[in-house]
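The structure under discussion appears below in the form of structure tokens.
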Amino acid sequence: MKKFFFSILAVGAIVACTKSEVKYEGESEIAFRPVASVATKANVMHAIDGTDYPAAETFKVYAYWKSDKVAGTDHSEFADAAKYIDGKEFAKSVDGTLWRGAKKPYYWPKTGSMVFACLSPADAPVTNITHNVVNDQFAFGYASPATTAETIDLMWTDATVSYNEKTAVPGVPVTFKHALSWITFKVKGDEVTSGGNFVINNLTINEVRPLGSFLSAGREWQITGFPVDVTVFDGEKNLTTEPVVIENVDRGTLVIPQVNDTKNYKATIKFTNNLGDEVIKEVVTVDLGNGWEIGKHYTYYITFTAKEILIEPHMEDWVEVDAADQFIF
């Protein structure tokens, strides 16, 4: 914005000088006010629940500038735009509620407007990442971690309409979307199986595809890789009469969205049965359906009940036999 300042100094009836000065407003830093869409590594691990973007998390920013575009312009009109911010990390400011450049501050151009897209977390373990602003598409490869202790909530934002320093107040609003699927298991027993009579030793999701490539424009995953088993819980957990989450890592079971058209996914549960005179180890399987969709949180409720062994007794009747001989004395 241009401001004009006029300074006039008069001595008697004589004008000593007339000064005209053109100035641009002071530097305005580019900042973001992100939220997580309803349903990181080094910073935030595992699934992020709710709509509050974690203060400790950071994300990458891609920003495109064109000098002839006014604020509110659609991203599709940003062909041949300058990449003003090229995948740089933004972190929450120490004294505020906005996210700013982590390594250095970024400032608004004085002309035109900019379109933004973001990827979270900033150090997401993705490969071959590209972003096309006209098509509004992130593309990258991703490999699921070997254990649930290493999972992160992979998220992205669609491209915004364009902003300038006047319209991005207090910061550019962006909404992150979850690129993975989150799975939770809850188990309970009844009055008999709870209290240590049934003890869960292991819960594993079988044959999950661990590799994929993602295209954000269609929210589409192309799944690759040989199936692997995902261990959700390993240890000892007594059942209670109320459903409780069973997992070694809180919010850690994140998988690439996938569908199996030939057979349903299964979970294997190993448990100890202490109800008999001798302790036995049992294994059961649970049908999880044909897969999981992007951005959805699936909760499976599993109940272990006991059916008392009852015996219904019958007797075989005597076979009556008349002796053939008679004895007379």
Side-chain angles (χ1 to χ4, degrees), residues 30 32-41 47-48 51 53 57-90 99 101 106 112-144 152-164 168 171-182 209-225 254-259 291-296:
I30 296 172
F32 289 82
R33 44 189 176 99
V35 296
S37 179
V38 174
T40 57
K41 201 161 182 177
I48 298 171
T51 59
Y53 192 83
E57 189 62 288
T58 65
F59 53 86
K60 284 183 178 179
V61 173
Y62 298 81
Y64 305 86
W65 171 82
K66 293 203 78 172
S67 63
D68 60 342
K69 300 301 179 183
V70 298
T73 302
D74 189 76
H75 65 84
S76 60
E77 298 187 34
F78 274 71
D80 301 320
K83 193 173 285 188
Y84 191 71
I85 304 175
D86 189 7
K88 295 304 188 292
E89 182 179 9
F90 273 57
W99 272 248
Y106 285 90
S113 64
M114 288 198 296
V115 165
F116 300 87
C118 308
L119 182 70
S120 176
D123 58 350
V126 297
T127 58
N128 302 320
I129 182 172
T130 62
H131 183 260
N132 185 306
V133 64
V134 176
N135 297 332
D136 186 16
Q137 177 160 278
F138 279 107
F140 52 76
Y142 176 75
S144 296
I152 55 95
D153 199 338
L154 183 61
M155 298 188 289
W156 87 99
T157 74
D158 292 332
T160 66
V161 296
S162 68
Y163 287 87
N164 59 30
V172 178
V174 292
T175 299
F176 282 97
K177 300 180 179 181
H178 301 281
L180 302 177
S181 301
W182 176 18
R209 296 277 183 175
L211 305 176
S213 56
F214 182 59
L215 298 175
S216 67
R219 298 167 61 92
E220 177 185 358
W221 281 95
Q222 296 293 331
I223 308 303
T224 59
L254 289 162
V255 300
I256 294 176
Q258 53 197 278
V259 173
W292 308 282
E293 296 181 5
I294 186 172
K296 292 188 177 181

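Note that these values count all heavy atoms, side chains included, but never hydrogens, waters or copies made by symmetry.
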- Message: Here's a test for you: under ring pair (Phe, Tyr, Trp, His ring centres under 6.0 Å), which of Trp99, Phe90, Tyr163 qualifies with Phe32?
- Response: Phe90
- Query: So, the side chain of His178 versus the backbone of Met155: is there a donor-acceptor pair under 3.5 Å, distance only?
  - Reply: no
- Item | Close side-chain approach of Thr157 and Phe176, heavy atoms under 4.5 Å | yes
- Task: Give a yes or no on whether the ring-centroid distance for Phe214 and Tyr142 is below 6.0 angstrom.
- Result: no
- Message: Using the rule given for side-chain contact (heavy atoms from CB on, under 4.5 Å), can you reason through Trp182 versus Leu254, listing the C-alpha separation, both sets of side-chain angles and the distance that settles it, and then say yes or no?
- Response: CA-CA 5 Å; Trp182 176 18; Leu254 289 162; 3.7 Å; yes
- With a 4.5 Å heavy-atom cut-off, do Tyr62 and Asp86 have their side chains touching? yes
- Message: Minimum heavy-atom separation for Ala122 and Glu89, please, with both atom names.
- Response: CB-CG, 3.6 Å
- Kindly give the heavy-atom pair with the smallest separation between Val115 and Thr73, and that separation in Å. CG2-O, 4.4 Å
- Query: Should Glu293 and Pro257 count as side-chain neighbours, where that means a heavy-atom distance under 4.5 Å?
  - Reply: no
- Task: Decide yes or no for Val61 and Ile30: does some side-chain heavy atom of the first lie under 4.5 Å from some side-chain heavy atom of the second?
- Result: no
- Task: May I ask you to decide if Phe116's main-chain N or O and Thr160's side chain share a donor-acceptor pair within less than 3.5 Å?
- Result: yes
- Donor-acceptor under 3.5 Å (Arg209 side chain, Thr224 main chain): no
- Asp136 side-chain N/O to Ala159 backbone N/O, donor-acceptor pair under 3.5 Å: yes
- Message: So which atom in Ser113 and which in Ser162 form the shortest heavy-atom distance, rounded to 0.1 Å?
- Response: OG-OG, 3.0 Å
- Is the side chain of Ser67 donor-acceptor paired with the backbone N or O of Gly112 at a distance under 3.5 Å, no angle test? no
- Going by heavy atoms in the side chains, are Lys177 and Trp156 under 4.5 Å from each other? yes
- Item | Beyond-backbone contact of Leu119 with Phe140, side-chain heavy atoms, under 4.5 angstrom | yes
- Hey, could you give me the CD1/OG distance between Ile152 and Ser120, rounded to the nearest 0.5 Å? 7.5 Å
- Query: Looking at OG1 of Thr175 and CG of Asp158, how far apart are the two atoms once the value is rounded to the nearest 0.5 Å?
  - Reply: 9.0 Å
- Query: Minimum heavy-atom separation for Gln258 to Ile223, with atom names?
  - Reply: CB-CG1, 4.0 Å
- Over all atoms of both residues, closest heavy-atom pair of Gly101 and Tyr106: CA-CD1, 4.3 Å
- Query: Is the gap between the ring centers of Tyr64 and Phe78 under 6.0 Å?
  - Reply: no
- Message: Trp221 and side-chain contact (heavy atoms from CB on, under 4.5 Å): which single residue from Ile256, Leu215, Leu211 fits?
- Response: Ile256
- Item | Test side-chain hydrogen bond (donor to acceptor under 3.5 Å, both in side chains) applied to Lys69 - qualifying residues, sequence neighbours left out | Glu77
- Message: If you count heavy atoms of other groups shown closer than 6.0 angstrom to CG of Asp68, is the number above 12?
- Response: yes
- Note on the structure: Here the gap from Ile294 atom CD1 to Glu220 atom CD, rounded to the nearest 0.5 Å, amounts to 10.0 Å
- For Asn135 and Asn132, which heavy atoms make the closest approach, and how far apart are they? N-OD1, 2.8 Å
